[in-house]
There are 2 protein chains.
Amino acid sequence: MTDQLPDRPGLRTVHQLRALTVDLDLLAAAFAQRNRLHPTDLRALIALLDAARTGTAATPGLLGRELRLNSAGTTAVLDRLERHGHLRRTRDPHDRRRVLLEVTEQAVALGETFFGPLIADTVALVDGLSPAELAAVEGFLTSMRTLVARHTD
Amino acid sequence: MTDQLPDRPGLRTVHQLRALTVDLDLLAAAFAQRNRLHPTDLRALIALLDAARTGTAATPGLLGRELRLNSAGTTAVLDRLERHGHLRRTRDPHDRRRVLLEVTEQAVALGETFFGPLIADTVALVDGLSPAELAAVEGFLTSMRTLVARHTD
DNA sequence: CATAGTATCTCGCCGAGCGAGACACTCGTT
DNA sequence: AACGAGTGTCTCGCTCGGCGAGATACTATG
């Protein structure tokens, strides 16, 4: 970005990666708008679907921490999702201060329409790679994550 | 957060890629907050720095289209950036309806503090790859972009 | 010229998210 | 058992980013 030297492999890759993240953001934004969801609501839905998939108990507090929202903002997100029928709130019988969040079938279906085809295509793409290619791609992604993590402080 | 053991290589890669984009978003958000910028202002700044780097003339209209903001919102973004000294507005002498946007030295420096180290590390990482590995990574990124583009409609 | 088209800005409004605080509940201490 | 501290969630009032509508200034075309 701050380097003008054209066509060094490293810079080309940086550019490709950045373009890809921008495209993914645009895709998410387009999907959100088409389904009358705010970007934050979509992020929340993704987090809740993840939790449901891994069997983790989701609560407003956890969600708010994940989305970097304070409690008031979290309540507002949940109100919107509940109003749109993507979410059910139930009191935790073991700790009656807590609220358990349950995504509805409708929300799961919505998530599948969004992620399903893209994931399927990506899996097909990855399955078409040779073992060496797969190793290179996975190594790159892993290295990038630790690298980004090191710059977040 | 949700590092479950994904069964197939394809899914594992999908997960890694998604985690990476989330981490990059978090990095950007953290940087924005530390510099008293709104996420949109940072996106605008990135777009303007890109334009400056490629020698493209930046105008409010172009920027607004890129950021998916209407004209009122675009004006507000530019007001904020100008107020913070990241931007100068000048009338285009050839078409006096238009306003030309010029990032200040301060903004360029800010961009370098943000992107510089991360880009340098990424370039170093990519430079350390064998030609075959590099080809695999670039091929993957390119394929993903066309794949995402196909799903955006 | 007049008229249509274009680039930008202003005004009034909506609503996402914040800070402060209320309320309900749990838990350790006494 | 009763109290206080700590925790999870929600309510209230507010700020301010972004939108729709329209004003303003300029260019292009007949």
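Just so we're on the same page: letters track the sequence lines, and every chain starts at 1.
The side chain of A:Arg80 contributes an N or O atom lying less than 4.0 Å from OP1 or OP2 of C:dG17. OP1 or OP2 of C:dT8 has not a single side-chain nitrogen or oxygen of B:Arg98 nearer than 4.0 Å. For A:Arg96 and C:dC25, the shortest distance from a side-chain N or O to OP1 or OP2 is below 4.0 Å. Phosphate proximity of D:dC10 to A:Arg97: absent, as no side-chain N or O sits under 4.0 Å from OP1 or OP2. Remark: B:Thr40 is in phosphate contact with D:dG18, judged by side-chain N or O atoms under 4.0 Å from OP1 or OP2.
Distance CG (B:Asp79) to P (C:dT10): 7 Å, rounded to an integer number of Å. Residue A:His38 contributes atom NE2, which lies 17 Å from atom P of D:dG17 at whole-angstrom precision. Between B:Leu67 atom CG and D:dG18 atom P there is a gap of 9 Å when expressed in whole angstrom units. Following rounding to the nearest Å, A:Leu63 (CG) and D:dC10 (P) show an atom-to-atom distance of 11 Å. Rounded to a whole Å, the CZ atom of B:Arg68 is 17 Å from the C1' atom of D:dC19. Separating the CD atom of A:Gln33 from the C1' atom of C:dA16 is a distance of 15 Å, rounded to the nearest angstrom. Across the protein-nucleic acid pair, A:Leu100 atom CG and C:dC25 atom P stand 15 Å apart, rounded to whole Å. Look at CG on A:Leu42: it is 15 Å from P on C:dA16, rounded to the nearest Å.
Counting distance only, with no hydrogens placed and no angle test, the side-chain atoms of B:Asn70 and the base atoms of D:dG18 include no donor-acceptor pair under 3.5 Å.
Within the 4.0 angstrom heavy-atom criterion, only backbone atoms of the sugar-phosphate kind lie near B:Thr59; the bases stay farther away. If you check every strand for non-hydrogen atoms under 4.0 Å, A:Ala76 touches nothing. B:Arg91 comes within 4.0 angstrom of nothing in the nucleic acid, heavy atoms only.
In summary, A:Glu82 and A:Arg88 do not engage in a salt bridge, as defined by a charged side-chain N under 4.0 Å from a carboxylate O.
One distance of note links CZ of B:Arg150 with CG of A:Leu27; it measures 12.5 Å at 0.5 Å rounding. Separation of atoms CG (B:Leu45) and NE2 (B:His86) is listed at 6.0 Å; rounding is to 0.5 Å.
Ranked by how close their nearest DNA chain D nucleotide is to the 5' end, B:Asp95 and A:Arg65 are led by A:Arg65.
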- [ ] Evaluate the side-chain contact (heavy atoms from CB on, under 4.5 Å) criterion for residues A:Arg12 and B:Val126: first the C-alpha distance (whole Å), next the side-chain angles of each, then the deciding distance (0.1 Å), finally the verdict.
- [x] CA-CA 10 Å; A:Arg12 200 168 56 234; B:Val126 173; over 6 Å; no

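Counting only heavy atoms from C-beta on, B:Ala72 has its side chain closest to D:dC19 among C:dC9, C:dC18, D:dC19. For A:Thr75, the listed nucleotide lying nearest its side chain is D:dC10; candidates were C:dT10, C:dG17, D:dC10.
For the side chain to side chain donor-acceptor pair (under 3.5 Å) test, no residue two or more places apart in sequence or in another chain qualifies with A:Asp25.
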